[in-house]
There are 2 protein chains.
Amino acid sequence: MKLSNQAQAFVLHFGEMGSRWGFNRTVGQMFALLTIHNEPVNADQLAEALKISRGNVSMGLKELQAWRLIELHHQPGDRKDYFTAAGSIWDLARTVFEERRKRELDPTLTLLRQLLLTEPRDEQESVAQEKIQEVYSLLEMLDQFANTLSKLDEKDLLKLMKLGSGLNKLLDLKSKATGSSAKKNSTRK
Amino acid sequence: MKLSNQAQAFVLHFGEMGSRWGFNRTVGQMFALLTIHNEPVNADQLAEALKISRGNVSMGLKELQAWRLIELHHQPGDRKDYFTAAGSIWDLARTVFEERRKRELDPTLTLLRQLLLTEPRDEQESVAQEKIQEVYSLLEMLDQFANTLSKLDEKDLLKLMKLGSGLNKLLDLKSKATGSSAKKNSTRK
DNA sequence: CTTAACTTTCAGAAATTTCTGAAAATTGTA
DNA sequence: TACAATTTTCAGAAATTTCTGAAAGTTAAG
C-alpha cells in the first residue's frame, strides 16, 4: 500500500504527536493511517506502509483495540483480519477524550481519596492535607465535568463549543433564572 | 527537608503520573512537592528531599518555569534561589490546561492547515483530504472551546462545571431563546 | 579584582521504552 | 487429524529519554 505525500505527512505527524496524546509513535501512525483510509486494512499492509515489523503491528493493533479506536472486519474468502477506525472522526475524538480522562484522572482521584482518610499529625501535615483536599476537589469536579461533556450528543456538544463568548451570557442567564448561586458568589474574596 | 508519609505518597504519585501529564518523573515530583509545601524551597532542598542530583533539579526547575508553574523568590541575606508553586491550585490547573492545549493542539492545527492547501490529485487523495478537513474542523473547534474555557473566571467556570445534567437544559434554553441554530440542527443526518 | 556561593551545562551512564524477528500459538479448511 | 495461513508472544536489540556529576559559567560581596 502506497501513501500519498499528504497521507505520509499526516501519518508521520500523528506519529510524532503520539506521545503527547498517550500512545507511542507507531501506534499513532497506525491510528492516523486507519483514520484517513476508508477501506479496511490488514496487518501486513500496515507493516509495509509504515515500514515496521509485523510483530510491532500486532502489538499496536492490540493497543488500539484497548483504546476502542479500531474495529475488526473480515473479507469473504480471506482469513486475514482487517481493521478500520471505529466510527466517525467525532466518535474517535470522543473515545480518545474518554479514555484519556480515565487514564489521567482516575488513578489520581483514587490515591487522593485514600490520602484524605488519614488524620494529619502536625501543622506541616495539616497544611499538606488542605492542599491535597483542594487538588482533590478540583480534579473530581473536572472529572465530573468531563463525564457530562462525554454524555452530550453531537448536536449539543457542537452547540456548546460554538458558543464562544456567548457562554458568559448563558451562565448569567442561569444565575438569574435560578438565583441559586447568587449569594455564594457575593462572598468571594 | 523531610517529607511525611502522606507527602511522600503524593509526590511519588505525581512522579508516576508525570508522563501522562506532559512532564517526566522528577519534574512531576518537584511540582508536587512545591504544590503541597507552603514555604519557598531551594534547589538543594529539592535534591535532598527527592534524592536526585543537583543538575537534574536545575533542569527540572527550568522546565517548570517554561510551563509557568513556579515562581522564583529570594530570602533576605540568602543568595540561593527559592521557589514556590505559581498561585493557587486553581491557577496551576488552569496553567497546565492552557499549556497542554498549546502543546497538543497547535502543532497539529498548523500542519493540517498546511495539508489542506494542496489540491487532491485523485480519488484516493480526495477521500483523505476530506478526512483531514474533518479532523481539522473538530480540533479547531476544540481549540477555540478550550480557549473560551480558559478565559472564564473561576466563578463562572465553577458554575459551568457544577451544572451536570443541567447543561442539557441550559442548551435547550439557548436555542429557544435565540432560535439561531434550530434550523441547522434539523438538517442533520 | 578576587573569591566564594551558587547555578547551569552537557557528555556520557543508566534507565526506560520501543521495536524486531523468530518461535509458539491459534484458527479455519480439507 | 493434518496442514497451512495467520496472529501473538517475548527475549533481546535498538532507540530514546532521563539522570548524574564534574566542569564551566554567573553573580554578589568584600
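Chain letters run A, B, ... following the sequence lines, proteins first and then strands; every chain starts at 1. Just so you know, these numbers come straight off a predicted model, no measurement behind them. Both backbone and side-chain heavy atoms feed into the values below; hydrogens, waters and symmetry mates do not.
Counting non-hydrogen atoms of other residues, nucleotides and ligands closer than 6.0 Å to CG of N5(A) gives a total of 12 or fewer. Counting non-hydrogen atoms of neighbouring residues, nucleotides and ligands closer than 6.0 angstrom, the CD atom of Q65(A) exceeds 12 such neighbours.
Between K169(B) and D172(B) there is no salt bridge, since none of the side-chain N atoms of the basic residue sits less than 4.0 Å from a carboxylate O of the acidic one.
Q133(A) and S137(A) are linked by a side-chain donor-acceptor pair at a separation below 3.5 angstrom, with hydrogens and angles left out of the test. Residues D91(B) and S88(B) have side chains that bring a donor and an acceptor to within less than 3.5 angstrom of each other.
The two residues F83(A) and L34(A) have their closest heavy-atom pair at O-CD2, 3.5 Å.
For the atom pair CD of E125(B) and CD of Q129(B), the computed distance is 8.0 Å after rounding to the nearest 0.5 Å.
Two residues are said to be in side-chain contact when any heavy atoms from C-beta on lie closer than 4.5 Å; W21(B) and R100(B) meet this criterion. A heavy-atom distance below 4.5 Å is not found between the side chains of L33(A) and V41(A). For the pair R121(B) and S4(A), the minimum side-chain heavy-atom distance is 4.5 Å or more.
Close approach of DNA chain C to chain A, defined as any atom under 4.0 Å from a non-hydrogen atom of the protein, starts and stops at dT18(C) to dG28(C).
Within residues 19-43 of chain A, the residues approaching DNA chain C are N24(A), T26(A), by heavy-atom distance under 4.0 Å. At a non-hydrogen distance threshold of 4.0 Å, R54(A), G55(A), S58(A), M59(A), K62(A), D78(A), R79(A), K80(A), D81(A) from residues 50-86 of chain A come into contact with DNA chain D.
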